[in-house]
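Worksheet: one structure, shown below.
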There are 2 protein chains.
Amino acid sequence: MSQSEELKLAGLKTTLPRLKILELFDSNKSRHLSAEEIYKILLDEDAGIGLATIYRVLTQFETAGLVLRHNFGESSVFELADTDHHDHMVCVNCGKIIEFYDDKIEQQQINIAKAHDFTIHDHSLCLYGKCKNCQTA
Amino acid sequence: MSQSEELKLAGLKTTLPRLKILELFDSNKSRHLSAEEIYKILLDEDAGIGLATIYRVLTQFETAGLVLRHNFGESSVFELADTDHHDHMVCVNCGKIIEFYDDKIEQQQINIAKAHDFTIHDHSLCLYGKCKNCQTA
DNA sequence: CTTCTTGCAAATCATTTGCAGGGCG
DNA sequence: CGCCCTGCAAATGATTTGCAAGAAG
């Protein structure tokens, strides 16, 4: 599906800011971007896109289910919602983000919730520490 | 250990704001409080304690290891660090917080980190959903 | 054309900091 | 009595919103 079609499906008009942001997520290796990071990247491209617009677009994308918002540090980071559910490990030294999925943990969360008569809508699991390269530092 | 002694041990002078806040945590059934909540409670008591002071005290307490800071919603909530490690379930409807500890999950996190050559310093696991009383709502 | 969008600036929110007066040890 | 603390107001950083001008369908 083209990016333009994705937008249409979400009930959003095809506009430059939206395409640019989608494009960034599609092409970016890191996958995890904050509004500020997106803003700076687009500034370098002289796209003339304001920070407020980026926040608006990201919120719309989140509502439409196109991206997920995470609250690792103090500001939000977003990632494309194009893969299966996974959790994260964040390197407190270099900021690297490693994704992982573990069936035992997922299952155990469900068991625990059940034991407390709690219905899970969502969950967030984040491990903070040092990645391979930063352990010596 | 008295609250005054706890403060001394942390290298902090015994002052009214600090005692009041410690007292609140000790007496409060909910255990989890935000700076704003503490501020409002103390306002009602006419303690004349400013919000900035509450933030300062909470930060000092966190540094001293007396309290833990969590980032469930958009603002931080604090809890006394007087119990063993545990994770949380937060009811998105009524805000109720349920604490839990699961050995399998803890162990599995360690395994996963190891598999990725990652050294865990800390982790946060939070289940969002509806508690028993809010399921029908 | 009509409605959805955007850029910019001003407004919010949560939290932090500067400063001058006070209080603990 | 010196240094740590506090209240208040102003400063911050992240994110949101008001508004009038511009595009998309």
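Quantities reported herein were computed from a predicted structural model and do not represent experimental measurements. Naming: A, B, ... by sequence-line order, numbering from 1 per chain.
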For DNA chain C, what residues of residues 36-48 of chain A have any heavy atom nearer than 4.0 Å? A:G48

Residues forming a side-chain hydrogen bond (donor to acceptor under 3.5 Å, both in side chains) with B:D103, sequence neighbours excluded: B:Y101

Heavy atoms within less than 4.0 Å of DNA chain C: which residues of residues 66-76 of chain A have one? Give them sorted by number. none

Qualifying residues under salt bridge (charged side-chain N to carboxylate O under 4.0 Å, His left out), relative to B:K20, sequence neighbours excluded: B:E45

Ignoring hydrogens and angles, write down the donor-acceptor pairs under 3.5 Å from the side chains of residues 3-18 of chain B, residues two or more places apart or on other chains.
from, atom 1, to, atom 2, distance (Å)
B:Q3, NE2, B:D26, OD2, 2.7
B:S4, OG, B:T14, OG1, 3.1
B:E5, OE1, B:S2, N, 2.9
B:E5, OE1, B:S2, OG, 3.3
B:R18, NE, B:Q60, OE1, 3.4
B:R18, NH1, B:K13, O, 3.0
B:R18, NH2, B:Q60, OE1, 3.1

Mind checking side-chain contact (heavy atoms from CB on, under 4.5 Å) for A:D117 and listing every partner two or more places apart, or none if nothing turns up? B:K132

Using five base pairs at each end to define the local axes, how bent is the helix from C:dC1-D:dG25 to C:dG25-D:dC1, to the nearest 10°? 30°

Output one line per pair: protein atom, nucleotide atom from nucleotides 10-13 of chain C, and distance, for all N/O pairs under 3.5 Å.
none

Partners meeting side-chain contact (heavy atoms from CB on, under 4.5 Å) with A:V77 (sequence neighbours left out): A:S34, A:H70, A:F72

Below 3.5 Å between N/O atoms, which protein atoms pair up with nucleotides 19-25 of chain C? Just atom names and distances, please.
from, atom 1, to, atom 2, distance (Å)
C:dG23, N2, B:K13, NZ, 3.4
C:dC24, O2, B:K13, NZ, 3.3
C:dG25, OP1, B:T14, N, 3.4

Using the test side-chain contact (heavy atoms from CB on, under 4.5 Å), find all partners of A:Q108 that sit at least two apart in sequence or belong to another chain. A:N111, A:I112, B:D102, B:K104, B:I105

Which residues pass the salt bridge (charged side-chain N to carboxylate O under 4.0 Å, His left out) test with A:R31, sequence neighbours left out? A:E79, A:D82, A:E99

